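Owing to the predicted nature of the structure, the values given are computational and were not obtained by experimental measurement. Side-chain atoms are counted along with the backbone in the values below, which use heavy atoms only and exclude waters and symmetry mates. Numbering of residues begins at 1 and proceeds along the displayed sequence.
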Amino acid sequence: QVQLVAFGGGLVQTGGSLKLSCVASGRAFRNYAMGWFRQTPGNEREFVSAISRNGESTADADFVKGRFTISRDNAKNTVYLQVSALKPEDSALYYCAARMTEPFDGSSFYYTSWHQYGYWGQGTQVTVSS
């Protein structure tokens, strides 16, 4: 199992940047693909970015459009989401998630659907003012 703690959110103005971090417990972090999702009240959890367990493959939602960058440091059991050029519509609770990679998927595989993840952090709030 893995436990996740996300932090780094905050209140920023339009065009601002933040770096979200998610620290995982346990010694098997390198076996987990990681993802970031976001959610606003009354809406479903929305995919933002994902990264494979080896960090070599990533995927982003269309709305990211080069503004966000996901990365990971397996030595620090941490996944990051650098968010830049923020817009008011980016305001949401941002969650990190972990999924142990299936052997047949390979170390460069990532997952983009929230239901594929079994472990979730508590979320960190990002609020962008106009």
Side-chain angles (χ1 to χ4, degrees):
Q1 289 193 353
V2 63
Q3 293 183 325
L4 306 173
V5 177
F7 57 94
L11 172 63
V12 296
Q13 293 184 334
T14 297
S17 300
L18 290 169
K19 187 171 187 177
L20 310 184
S21 301
C22 176
V23 180
S25 64
R27 295 178 292 176
F29 179 71
R30 65 183 181 279
N31 293 330
Y32 289 82
M34 301 296 295
W36 285 95
F37 293 78
R38 67 186 189 183
Q39 190 171 23
T40 53
N43 294 308
E44 291 189 354
R45 200 159 292 188
E46 177 180 44
F47 169 71
V48 178
S49 296
I51 189 167
S52 61
R53 68 179 187 180
N54 63 7
E56 293 181 356
S57 299
T58 63
D60 299 310
D62 288 343
F63 64 79
V64 170
K65 294 181 180 178
R67 300 182 298 128
F68 298 177
T69 302
I70 189 171
S71 62
R72 66 189 294 162
D73 185 338
N74 285 349
K76 295 183 178 180
N77 281 14
T78 303
V79 62
Y80 304 97
L81 185 69
Q82 176 71 49
V83 295
S84 304
L86 285 164
K87 307 173 184 179
E89 53 264 41
D90 293 318
S91 297
L93 191 60
Y94 282 71
Y95 295 92
C96 61
R99 154 79 183 255
M100 182 169 283
T101 306
E102 300 294 339
F104 50 80
D105 283 339
S107 58
S108 296
F109 200 82
Y110 51 76
Y111 307 92
T112 59
S113 297
W114 68 266
H115 62 85
Q116 294 176 303
Y117 289 85
Y119 302 98
W120 293 85
Q122 84 287 5
T124 184
Q125 179 68 40
V126 173
T127 303
V128 185
S129 62
S130 57

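Contact annotation: the side chain of Tyr32 never approaches that of Ile51 to less than 4.5 Å [non-hydrogen atoms, C-beta and beyond]. In this structure, Leu4 and Tyr95 have side chains that are not in contact, with every pair of non-hydrogen atoms separated by 4.5 Å or more. Contact of the Val12 side chain with the Ser17 side chain is not registered, since no non-hydrogen atoms from C-beta on lie closer than 4.5 Å. The shortest side-chain heavy-atom distance between Pro88 and Thr14 falls under the 4.5 Å cut-off. When side chains are defined from C-beta on, Arg53 does not count as touching Met100, because their heavy atoms never get closer than 4.5 Å. With contacts defined as side-chain heavy-atom distances shorter than 4.5 Å, the pair Met34/Phe29 qualifies. Between Leu20 and Val126 there is a side-chain heavy-atom pair separated by less than 4.5 Å. Counting only heavy atoms from C-beta outward, the side chains of Leu81 and Phe68 approach each other to under 4.5 Å.
Ser25 contributes a side-chain N or O that, together with a main-chain N or O of Gln3, makes up a donor-acceptor pair within less than 3.5 Å. Under a 3.5 Å cut-off, the side chain of Ser57 and the backbone N or O of Ser108 do form a donor-acceptor pair. Judged purely by atom type and a 3.5 angstrom limit, Ser52 has no side-chain atom pairing as donor or acceptor with the backbone of Ala33. The main-chain N or O of Ala24 is found under 3.5 Å from a side-chain atom of Asn77 such that the two form a donor-acceptor pair.
Annotation for Glu102: atom CD counts as buried by contact number, over 12 foreign heavy atoms lying within 6.0 Å. Heavy atoms from other residues, nucleotides or ligands lying under 6.0 Å from CZ of Arg67 number more than 12. The number of heavy atoms from other shown groups lying within 6.0 Å of CD (Glu89) is above 12.
Seen from the ring of Phe63, Arg38 counts as a face-on cation partner, given the 6.0 Å and 45° thresholds.
Summarising the geometry, atom OG belonging to Ser49 is positioned 11.0 Å from atom OH belonging to Tyr110; distances are rounded to the nearest 0.5 Å. Considering OG of Ser130 and CD of Gln13, their distance stands at 9.5 Å, rounded to 0.5 Å.
Taking each heavy atom of Gln125 and Thr127 in turn, the nearest pair found is NE2-OG1, 3.5 Å. Across Gly106 and Thr101, no two heavy atoms sit closer than the pair O-CG2, 3.1 Å. Minimum interatomic distance between Leu18 and Gly10 (heavy atoms only, all atoms of both residues): CD1-N, 3.8 Å.
One hydrophobic cluster, built from ILVMFWY side chains closer than 4.5 Å, cannot hold both Leu93 and Val23; they sit in different ones. Linking ILVMFWY residues whenever their side-chain heavy atoms come closer than 4.5 Å, directly or via other members, leaves Val64 and Phe37 in distinct clusters. Hydrophobic clustering, with ILVMFWY side chains joined whenever heavy atoms are under 4.5 angstrom apart, groups Val48 together with Val128. Phe7 is not connected to Tyr94 by any chain of hydrophobic side-chain contacts under 4.5 Å among Ile, Leu, Val, Met, Phe, Trp and Tyr, and they are in different clusters.
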Exercise for review: Just do the side chain to side chain contact (heavy atoms under 4.5 Å, CB included) check on Ile70 and Arg72 with the steps written out, would you?
Suggested key: CA-CA 7 Å; Ile70 189 171; Arg72 66 189 294 162; over 6 Å; no
For residues 116-123, which side-chain N or O atoms pair as donor and acceptor with protein atoms under 3.5 Å away, sequence neighbours left out?
{"unit_1": "Gln116", "atom_1": "OE1", "unit_2": "Thr112", "atom_2": "N", "d": "3.2"}
{"unit_1": "Gln116", "atom_1": "OE1", "unit_2": "Ser113", "atom_2": "N", "d": "3.1"}
{"unit_1": "Tyr117", "atom_1": "OH", "unit_2": "Tyr111", "atom_2": "O", "d": "2.5"}
{"unit_1": "Trp120", "atom_1": "NE1", "unit_2": "Tyr117", "atom_2": "O", "d": "3.4"}
{"unit_1": "Gln122", "atom_1": "OE1", "unit_2": "Ala6", "atom_2": "N", "d": "3.1"}
{"unit_1": "Gln122", "atom_1": "NE2", "unit_2": "Ala6", "atom_2": "O", "d": "2.7"}

